[in-house]
Amino acid sequence: MHRWSQLFIPTLREAPTDAEVASHKLLLRAGYIRQLGAGLYSYLFLGNRAINKIVAIVREEMDTIAQEMHLPALNPREAWEESGRWAGMGENMFRLKDRRGAELCLAMTHEEIVTSIARSELRSYKQLPQIWYQIQTKFRDEPRPKSGLLRVRQFLMKDAYSFDIDEAGLDASYAKHEAVYRRIFTRCGLDFLAVDADSGSMGGSASQEFMVYTDAGEDLIASSSSGYAANVEKATSQLAPVADLAPTGDGQPELVHTPEQKTIDEVAAFLGVERVHQMKTMAYIVEHLDADEKQIKAVGKARAVVAFLRGDHQINETKLSAIAGGVLRPMQPEEISVTFNAPAGYLGPIGLVAAPHPKKPGTLVVLDAALEGRTNLIAGANKEGYHLRNVTPMRDFRPTLVADVRSVNEGESDPIGGKPLRIGKAVEIGHIFKLGYRYSKSMGASVLNKDGKETTPIMGSYGIGIERILTAAIEQSAAKFAAQSIAQNAGDPKAVQSATESYALPPSIAPFQVVVTITNVREAALLAAGEEIAAALEQAGIDVLLDDRDERAGVKFKDAELIGVPFRIAIGKKLAEGKVELLNRLTNRTDDIPTAEVVHRLQAALSSSATHN
RNA sequence: CGGGGCGUAGCGCAGCCUGGUAGCGCAUCUGCUUUGGGAGCAGAGGGUCGUCAGUUCGAAUCUGACCGCCCCGACCA
């Protein structure tokens with residue numbers, strides 16, 4: 001029996017000023033965690049209990065499709081040299097030396113390690129597929145740890161890796177993970193979305209992120225009621241048709257004097273046109289950091305990239321970077337004038353020499369797909385103080401390629417059902433993706449296939465951030481409480497403020513399922529009833545915390561709320577009538593129930609809250 | 001790494017401008033009262049004022065360097 005009077009649950013009346021986001025404040029105030037340094041936290045009794053509950057769910061579900069292992073967190077340099085990531089990880093990896101001067105790192109992830117095991121142990125296609133996972137501490141030297149447990153330097157990750165003989169096998173392994181992830185997050189009580197993600201730097205083919213909408217998040221995602229969901233790095237949308245401008249003069253590109261009019265808005269006002277009738281020019285340098293010799297020979301280590309977009313659209317650098325095949329940085333004005341012999345602010349498509357093919361030398365010119373088929377646009381003239389009218393893509397200039405390189409906007413129609421997109425911040429709690437051959441190939445893993453031929457296995461990689469599940473659950477609940485409170489206390493900012501800092505965890509991951517609050521331990525009858533009820537609940541397999549502290553009732557109620565436990569049984573005045581009070585914090589419903597029915601009623605409440613999740 | 005803010009008791013803060021040897025609330029401990037929504041009264045304990053150096057008769061206070069933490073940005077398998 002867990003008795004509050006003997007536990008270390010250091011709740012705080014006020015949150016330290018360092019804490020900004022709701023989950024951070026609440027985790028500190030509830031005594032779940034304490035900070036050791038930037039991005040480093042100690043998980044105290046309650047925090048550790050919640051984490052353990054999450055881990056147990058993850059483990060139980062993962063065990064249905066995979067085998068658990070435990071790999072070293074401390075890795076020798078050599079293991080990371082082979083894949084090229086010793087250099088590739090850059091500053092983000094913690095590095096150290098042993099007493100002999102040998103270099104080591106603290107692993108950020110374990111592709112290299114599983115691949116090296118696979119390479120030395122897997123011989124035949126008959127041994128495939130394999131799915132291996134672990135729940136391990138990961139280390140990342142984040143440039144900016146922040147938001148409590150949301151972005152830290154040491155955290156728990158469930159990472160899994162699949163090895164298959166062919167793509168069909170990988171598809172199956174990937175699908176298994178998707179299904180298991182949905183079960184895990186559902187059991188953890190989260191409202192989540194699986195979104196299409198950019199698989200960019202890991203070089204895979206398909207990738208989905210599991211996201212929870214919350215303002216504390218760092219990613220932006222777009223979703224709609226038709227079931228479409230994507231990271232904005234990858235999201236697309238359908239656009240309403242635009243009526244083009246009528247041609248002027250002979251309909252050919254025509255110079256117009258636009259002195260000092262550089263921005264889209266300035267030109268729009270000056271010429272009396274809409275932004276949709278303009279073409280925006282974005283110039284970048286792409287650096288091929290891990291280019292091979294062949295590529296360097298073909299297009300150089302760095303090359304100019306120009307993208308043309310509709311005047312009211314925003315460039316999506318992730319999309320452009322994927323096409324350009326490297327890291328982008330905006331061109332400096334001097335670089336623009338040297339490279340294109342045109343002033344920044346008046347850069348335009350006509351006269352620009354585009355590479356004929358992305359793999360051929362020259363400037364990579366990308367026309368955003370939204371401009372395809374448009375006519376009579378306004379564009380920069382590559383001449384100080386001038387723009388061009390009547391610019392019609394494909395007639396007046398040819399880009400290297402046409403591609404979607406813009407960012408979607410809130411309210412645009414989603415590409416599958418045409419429903420309006422909702423764009424919001426979200427926290428990434430899991431990520432699955434098809435890695436492909438990157439590691440198996442570079443590290444030389446192979447097995448014999450049916451025909452006795454050496455075959456490189458194809459890999460998948462699948463992560464879950466354990467702490468982020470806890471954080472997201474708190475953020476999600478706190479947001480709900482805040483919204484309710486704002487609705488109920490519209491005129492009272494103080495009440496809103498205090499309720500804003502409340503939450504209740506799903507029973508599956510809460511450190512305890514129920515708190516039994518003895519309102520006054522000095523009354524022998526209350527104390528005895530509390531002990532008895534708590535024991536009965538425990539007997540029934542329910543995780544119960546008995547608040548037997550010699551504190552005032554108010555203090556105990558506040559603390560019970562602070563620690564986020566979803567149910568509370570208060571033993572008080574009504575005991576004289578043989579009743580206690582059951583509070584369901586998830587529904588905010590209070591019932592007076594006969595003591596004899598407590599176990600039964602709570603079990604019913606627990607199972608109904610589980611099915612609602 | 002760029003920009004901003006902060007560092008004084010466990011937590012929240014004042015004092016710094018104008019140098020004179022540290023204070024308030026909460027928490028903690030003791031006693032009495034109180035006991036269903038963060039109690040009241042009385043008393044007590046607790047601080048190298050982030051670190052180092054400098055200026056000064058004297059530094060929490062002025063100056064410099066460094067360290068740490070938070071926020072915005074860059075970055076982010």
Side-chain angles (χ1 to χ4, degrees), chain A residues 10-21 24-25 28-29 31 34-41 80 83-85 88-93 105 107-112 138-148 150-153 155 157 159 161 197-204 207 209 216-219 231 233 317-318 327-330 428 430-433 435 438-439 459 461-465 495 498-499 501-502 517-523 526-527 547 549-562 568-576 580-581 583 590 592:
Chain A
T11 57
L12 299 173
R13 192 180 289 221
E14 292 173 279
T17 34
D18 280 355
E20 191 81 2
V21 300
H24 189 196
K25 288 184 196 171
L28 286 167
R29 290 191 54 207
R34 285 295 182 264
Q35 183 170 24
L36 180 64
L40 301 170
Y41 289 87
W80 288 73
S83 65
R85 291 209 294 180
M89 285 298 187
E91 300 267 81
N92 261 352
M93 191 153 71
C105 66
M108 303 171 63
T109 172
H110 280 84
E111 280 83 2
E112 282 81 357
K138 294 284 193 275
F139 299 90
R140 293 184 188 179
D141 193 358
E142 289 289 341
R144 184 148 98 82
K146 61 173 188 176
S147 306
L150 226 42
R151 182 158 219 89
V152 289
R153 295 195 290 175
F155 59 99
M157 181 189 257
D159 49 323
Y161 308 89
D198 172 56
S199 44
S201 43
M202 292 297 284
S207 163
E209 291 166 339
E218 300 179 291
D219 283 282
N231 195 302
E233 290 176 346
E317 293 188 4
T318 307
V327 178
L328 293 177
R329 66 168 174 82
E428 179 185 351
H431 196 167
I432 58 178
F433 62 100
L435 259 186
R438 173 166 173 176
Y439 296 93
M459 293 173 61
S461 164
Y462 317 89
I464 289 179
S498 72
E501 314 225 317
S502 196
T517 303
I518 300 169
T519 56
N520 186 350
V521 293
R522 298 185 184 198
E523 286 188 34
L526 298 186
L527 183 60
D547 192 351
R549 292 175 299 166
D550 185 9
E551 289 284 354
R552 301 170 67 83
V555 172
K556 298 211 235 188
F557 288 150
K558 287 286 184 198
D559 274 347
E561 280 154 27
L562 239 194
R568 184 189 75 197
I569 292 166
I571 317 283
K573 294 172 190 159
K574 292 164 196 148
L575 187 67
V580 295
E581 183 183 283
L583 167 64
T590 307
D592 291 331

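Lettering follows sequence order; numbering is per chain, from 1.
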**Prompt:** Considering only the C1' atoms, how many Å lie between B:A59 and B:A22, rounded to the nearest integer?
**Reply:** 13 Å
**Asked** Would you say the side chain of A:Arg549 lies within less than 4.5 Å of the side chain of A:Asp559, judging by non-hydrogen atoms?
**Response** yes
**Prompt:** How is A:Arg34 classified with respect to the nucleic acid when contacts are heavy atoms under 4.0 Å: base, sugar-phosphate, or nothing?
**Reply:** nothing
**Request:** Can you tell me the distance, in whole Å, between the CZ atom of A:Arg151 and the C1' atom of B:C69?
**Result:** 18 Å
**Request:** Could you measure between the two C1' atoms, the one in B:U55 and the one in B:U63, and give it in whole Å?
**Result:** 7 Å
**Prompt:** With nearest nucleotides of RNA chain B determined for A:Glu428 and A:Glu523 from heavy-atom distances, which residue corresponds to the more 5′ nucleotide?
**Reply:** A:Glu523
**Asked** Among B:C75, B:A77, B:G38, which is the nearest nucleotide to the side chain of A:Arg85?
**Response** B:A77
**base_contact_polar (B:G36 base, A:Glu581 side chain, donor-acceptor, <3.5 Å)** = yes
**Prompt:** Rounded to the Å, how far apart are A:Arg153 CZ and B:C76 P?
**Reply:** 18 Å
**Request:** Starting from the 5' end of RNA chain B, give me the residue, A:Ser147 or A:Glu14, whose nearest nucleotide shows up first.
**Result:** A:Glu14
**Request:** Take atom CD1 of A:Ile569 and atom C1' of B:G36, then tell me their distance rounded to the nearest Å.
**Result:** 16 Å
**Asked** Is there a donor in the side chain of A:Lys138 and an acceptor in the side chain of A:His110, or the other way round, less than 3.5 Å apart?
**Response** yes
**Complete:** Between NE2 of A:His431 and C1' of B:C76 the distance, given in whole Å, is 13 Å
**Item:** Base-pairing assignment for B:A9 (Watson-Crick or G-U wobble, both under 3.5 Å)
**Value:** none
**Prompt:** So does A:Arg144 reach the base of B:G2 with its side chain, donor to acceptor, closer than 3.5 Å?
**Reply:** no
**Request:** May I ask you to say what A:Pro16 touches in the nucleic acid, namely base, sugar-phosphate or nothing, with a heavy-atom cut-off under 4.0 Å?
**Result:** sugar-phosphate
**Prompt:** Roughly how far apart, to the nearest Å, are B:U61 and B:C76 at atom P?
**Reply:** 41 Å
**Request:** In whole angstrom, give me the gap between the P atoms of B:G46 and B:C1.
**Result:** 42 Å
**Request:** Let me know the distance between NE2 of A:His24 and P of B:C69, rounded to the nearest Å.
**Result:** 12 Å
**Message:** Using a distance-only criterion (donor-acceptor N/O pair, under 3.5 Å, no hydrogens), is the base of B:G36 paired with the side chain of A:Asn520?
**Reply:** no
**Prompt:** Can you tell me if the side-chain N/O atoms of A:Arg552 get under 4.0 Å from OP1 or OP2 in B:A39?
**Reply:** yes
**Prompt:** Looking only at side-chain N and O atoms, does A:Arg13 come under 4.0 Å of OP1 or OP2 in B:A27?
**Reply:** yes
**Message:** Would you say A:Gln35 places a side-chain N or O within less than 4.0 Å of OP1 or OP2 belonging to B:C70?
**Reply:** yes
**Item:** Any A:Pro10 side-chain heavy atom under 4.5 Å of A:Arg34 side chain
**Value:** yes
**Prompt:** Contact class for A:Thr517 vs. all strands (heavy atom < 4.0 Å): base, sugar-phosphate, or nothing?
**Reply:** nothing
**Asked** Going by heavy atoms in the side chains, are A:Ile464 and A:Met157 under 4.5 Å from each other?
**Response** no
**Request:** State, yes or no, whether a side-chain contact exists between A:Arg522 and A:Asp550 at a heavy-atom distance under 4.5 Å.
**Result:** yes
**Prompt:** In whole angstroms, how far is the P atom of B:A27 from the CG atom of A:Asp559?
**Reply:** 12 Å
**Message:** Does A:Gly90 reach a base, just sugar-phosphate, or nothing at all? Heavy atoms under 4.0 Å.
**Reply:** nothing
**Prompt:** Base, sugar-phosphate alone, or nothing: which one does A:Arg329 contact when heavy atoms must sit under 4.0 Å apart?
**Reply:** nothing
**Request:** Mind calculating the distance between CD1 (A:Ile518) and P (B:G37) to the nearest angstrom?
**Result:** 17 Å
**P gap between B:C17 and B:U33, integer Å** = 49 Å
**Request:** Could you tell me whether A:Lys556 contacts a base, only the sugar-phosphate backbone, or nothing, with contacts defined as non-hydrogen atoms closer than 4.0 Å?
**Result:** nothing
**Item:** Under-3.5 Å donor-acceptor pair between A:Arg140 side chain and B:C76 base
**Value:** no
**Request:** Look at all strands and tell whether A:Ala15 reaches a base, only sugar-phosphate, or nothing, counting heavy atoms closer than 4.0 Å.
**Result:** sugar-phosphate
**Request:** With heavy atoms under 4.0 Å as the rule, sort A:Glu561 into base, sugar-phosphate or nothing.
**Result:** base
**Prompt:** Do A:Glu111 and A:Ser83 have side-chain atoms, one donor and one acceptor, less than 3.5 Å apart?
**Reply:** no
**Span that lies between the C1' atom of B:G4 and that of B:A77, in whole angstrom** = 30 Å
**Message:** Let's see if you can work this out: which of B:C76, B:G12, B:U35 has an atom nearest to the side-chain heavy atoms of A:Arg522?
**Reply:** B:U35
**Asked** Taking the side chain as C-beta and beyond, is there a heavy-atom pair between A:Glu561 and A:Arg568 under 4.5 Å?
**Response** yes
**Message:** As a quick check of understanding, evaluate side-chain contact (heavy atoms from CB on, under 4.5 Å) for A:Leu40 and A:Arg153, giving each step before the final call.
**Reply:** CA-CA 6 Å; A:Leu40 301 170; A:Arg153 295 195 290 175; 3.9 Å; yes
**Prompt:** How far, in whole Å, is B:G47 from B:G40 if one measures between their P atoms?
**Reply:** 26 Å
**Prompt:** Of the nucleotides B:A77, B:A74, B:C69, which has the atom closest to the A:Phe433 side chain?
**Reply:** B:A77
**Request:** Remember a base hit wins even if backbone is also touched, and classify A:Leu36 as base, sugar-phosphate or nothing at under 4.0 Å, heavy atoms.
**Result:** nothing
**Request:** May I ask you to say what A:Met93 touches in the nucleic acid, namely base, sugar-phosphate or nothing, with a heavy-atom cut-off under 4.0 Å?
**Result:** nothing
**Message:** Taking B:G38 as the reference, what is the distance to B:U28 when you measure between their C1' atoms (whole Å, please)?
**Reply:** 16 Å
**Request:** May I have the distance from A:Arg549 (atom CZ) to B:U28 (atom P), rounded to whole angstrom?
**Result:** 10 Å
